[in-house]
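Below: one structure, written as structure tokens.
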Number of protein chains: 2
Amino acid sequence: MARPNAGTKGVPRLDRETQILTIASEEFGTYGFTATSVAAVAQRAGISKPLIYNYFGSKEGLYEACLDRGGSLVADEIERIARGDAVGIERGMQTLAGMFSLLEEQRYLWRLFFDSTAPTTGPIADSITLYADRIGKLAEEGVAELMTLAGNDDELDIAAMTSVWLGIVDSLMNWWVEHPEQTAEQMMQRCGRLLTALFGGGG
Amino acid sequence: MARPNAGTKGVPRLDRETQILTIASEEFGTYGFTATSVAAVAQRAGISKPLIYNYFGSKEGLYEACLDRGGSLVADEIERIARGDAVGIERGMQTLAGMFSLLEEQRYLWRLFFDSTAPTTGPIADSITLYADRIGKLAEEGVAELMTLAGNDDELDIAAMTSVWLGIVDSLMNWWVEHPEQTAEQMMQRCGRLLTALFGGGG
DNA sequence: TCGTGGTAACTTACCCAAGAGTCATATAGG
DNA sequence: CCTATATGACTCTTGGGTAAGTTACCACGA
């Protein structure tokens with residue numbers, strides 16, 4: 001039977017994998033794990049579904065590969081900033097600045113680790129936990145420093161504040177996704193003004 | 001053919017609808033629109049799937065009914081607080097207090113309006129927009145007041161800050177869901193301490 | 001230079017499970 | 001006997017996953 005194009009493209013596996021991962025990350029990050037279909041990724045990549053299964057094994061395998069690529073990127077950057085000597089709010093602002101400049105061209109990446117539609121058991125959950133914990137741990141460390149400066153070392157307070165901080169980053173990332181024309185630099189300046197308003201407006 | 005229990009329960013329609021809505025709201029709020037199955041709701045209610053379709057027409061109809069019940073509840077409360085004379089951070093804290101005491105027994109309700117897996121077109125999207133806008137508008141009003149006090153009236157700044165504020169509420173609600181033993185009163189006191197730490201720790 | 005066979009890249013057409021939605025029918029009570 | 005309440009057993013679509021085959025290219029011996 002005629003099978004037009006079968007095997008005619010000859011793209012090396014690594015190149016193809018990279019292309020698929022880039023597209024898949026964007027789809028997963030934009031629509032979430034559940035709402036993303038493997039067929040849609042294949043179509044956007046201009047290839048057929050089985051090729052993806054051939055290279056990544058399953059939808060979960062594909063998501064995991066996306067996580068591994070994006071996770072190291074984000075976690076490494078946050079770790080780099082954590083090794084600096086900024087503390088309290090200043091450390092938070094520097095982390096934001098790092099995220100903005102790192103993710104300017106792939107803002108959706110942030111959402112991969114906080115996707116509520118991803119499986120909660122199995123290898124994906126493990127991988128998410130790995131990176132979310134790595135990110136969360138650094139966040140908690142920064143928050144704990146801030147709280148200590150204020151004389152508060154209640155564990156639940158720190159946990160709640162960490163959750164709030166991650167929520168703030170999440171909100172800003174989502175807002176940024178919805179305002180594609182905003183540059184990383186503009187976002188950073190905006191955050192500075194918001195902070196000023198917070199401290200000057202009603203406290 | 002034998003159909004055990006068909007029609008034997010005799011529960012009045014309104015009672016049954018209320019029971020279904022309570023269960024469905026919890027499922028939708030906990031797992032999201034997509035991940036919730038009508039069959040699961042039916043099973044938890046101890047009835048069959050067709051009865052739900054008979055009363056609510058479709059899965060979307062069921063979700064819409066949940067939104068209508070929960071939306072008025074939440075939006076009314078926030079509006080009540082907005083009519084008070086608190087401004088700036090104080091208004092934010094009062095809104096939080098209102099949410100905590102209103103939703104103590106149904107914390108998942110908050111998530112109904114910010115469910116990323118819900119349809120983005122059709123009647124559901126309209127209904128979500130209706131309530132999310134009502135809530136979002138009040139949030140924006142409060143944020144705008146705060147910003148004005150600080151001498152900032154940039155529209156994008158206000159929009160971003162509103163998004164952050166809603167993200168904060170969202171984080172706190174999610175954290176609360178994961179800490180069922182915490183009372184509304186404890187949450188409120190915790191928020192007070194977090195605010196203190198923020199202003200005392202690194203600004 | 002020319003087969004020729006092995007392998008990497010790739011596709012069509014299918015299977016199958018899950019879940020939304022429907023139909024025809026059954027029971028109880030006024 | 002008529003209506004409201006209720007159900008078992010379907011259908012149909014969507015989407016993850018697979019079997020089996022096709023094409024291009026390259027190494028290698030005659």
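Residue numbers start from 1 in every chain, and the chains themselves are labelled A, B, ... in the order their sequence lines are given, proteins ahead of strands.
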Subject >> Interatomic distance, Ile52(A) CD1 vs dG15(D) P [rounded to whole Å] >> reply: 14 Å

**OP:** Using side-chain hydrogen bond (donor to acceptor under 3.5 Å, both in side chains) as the criterion, point out the one residue from Glu185(B), Gln186(B), Arg193(B) that pairs with Gln189(B).
**Re:** Glu185(B)

Subject >> Worked verdict on Met173(B) versus Arg111(B) for side-chain contact (heavy atoms from CB on, under 4.5 Å) >> reply: CA-CA 8 Å; Met173(B) 285 297 167; Arg111(B) 298 207 206 177; over 6 Å; no

Subject >> Neighbour count above 12 (heavy atom, 6.0 Å) for Tyr53(A) OH >> reply: yes

**OP:** Kindly say if Lys9(B) contacts the phosphate of dT27(C), meaning a side-chain N or O under 4.0 Å from OP1 or OP2.
**Re:** no

Original post:
According to the interplanar angle, ranging from 0 to 90°, do the rings of Phe100(A) and Trp176(A) count as parallel (below 30°), tilted (30 to 60°) or perpendicular (above 60°)?
Top reply: perpendicular

Subject >> Polar contact flag, side-chain donor to acceptor under 3.5 angstrom, Gln19(A)-Arg16(A) >> reply: yes

**OP:** Assign each of Thr36(B) and Ile47(A) to its nearest nucleotide of DNA chain C by heavy atoms, then name whichever residue's nucleotide is nearer the 5' end.
**Re:** Ile47(A)

Original post:
Under 6.0 Å from the CD atom of Gln43(B), do we count more than 12 heavy atoms belonging to anything else shown?
Top reply: no

Would you tabulate the pairs of protein nitrogen or oxygen atoms and nucleotide nitrogen or oxygen atoms of nucleotides 21-24 of chain C closer than 3.5 angstrom?
unit_1, atom_1, unit_2, atom_2, d
dG21(C), OP2, Tyr53(B), OH, 3.2
dG21(C), OP2, Lys59(B), N, 2.9
dG21(C), N7, Lys49(B), NZ, 3.0
dG21(C), O6, Lys49(B), NZ, 2.7
dA24(C), N3, Arg3(B), NH1, 3.3

Original post:
Where along residues 15-33 of chain B does a heavy atom come under 4.0 Å from DNA chain C, residue by residue in number order?
Top reply: none

Original post:
What is the nucleic acid contact for Ser48(B), judged by heavy atoms within less than 4.0 Å: base, sugar-phosphate only, or nothing?
Top reply: base

Original post:
Once you round it to whole Å, what is the distance between P of dA26(C) and CG of Asn54(B)?
Top reply: 18 Å

Original post:
Taking Lys59(B) for the side chain and Thr36(B) for the main chain, is one N or O donor matched with an acceptor at less than 3.5 Å?
Top reply: yes

**OP:** Take atom CG of Leu62(A) and atom C1' of dG17(D), then tell me their distance rounded to the nearest Å.
**Re:** 14 Å

Subject >> Parallel, tilted or perpendicular, as decided by the 30° and 60° cut-offs, for the rings of Phe33(B) and Phe28(B) >> reply: parallel

Original post:
What pairs of residues pass the side chain to side chain donor-acceptor pair (under 3.5 Å) test when at least one of them lies in residues 98-110 of chain A, not counting sequence neighbours?
Top reply: Trp110(A)-Asp170(A)

Original post:
Does the side chain of Tyr55(B) get closer than 4.0 angstrom to OP1 or OP2 of dA6(D) through an N or O atom?
Top reply: yes

Original post:
Nearest-Å distance, CG (Leu51(A)) to C1' (dT12(C))?
Top reply: 14 Å

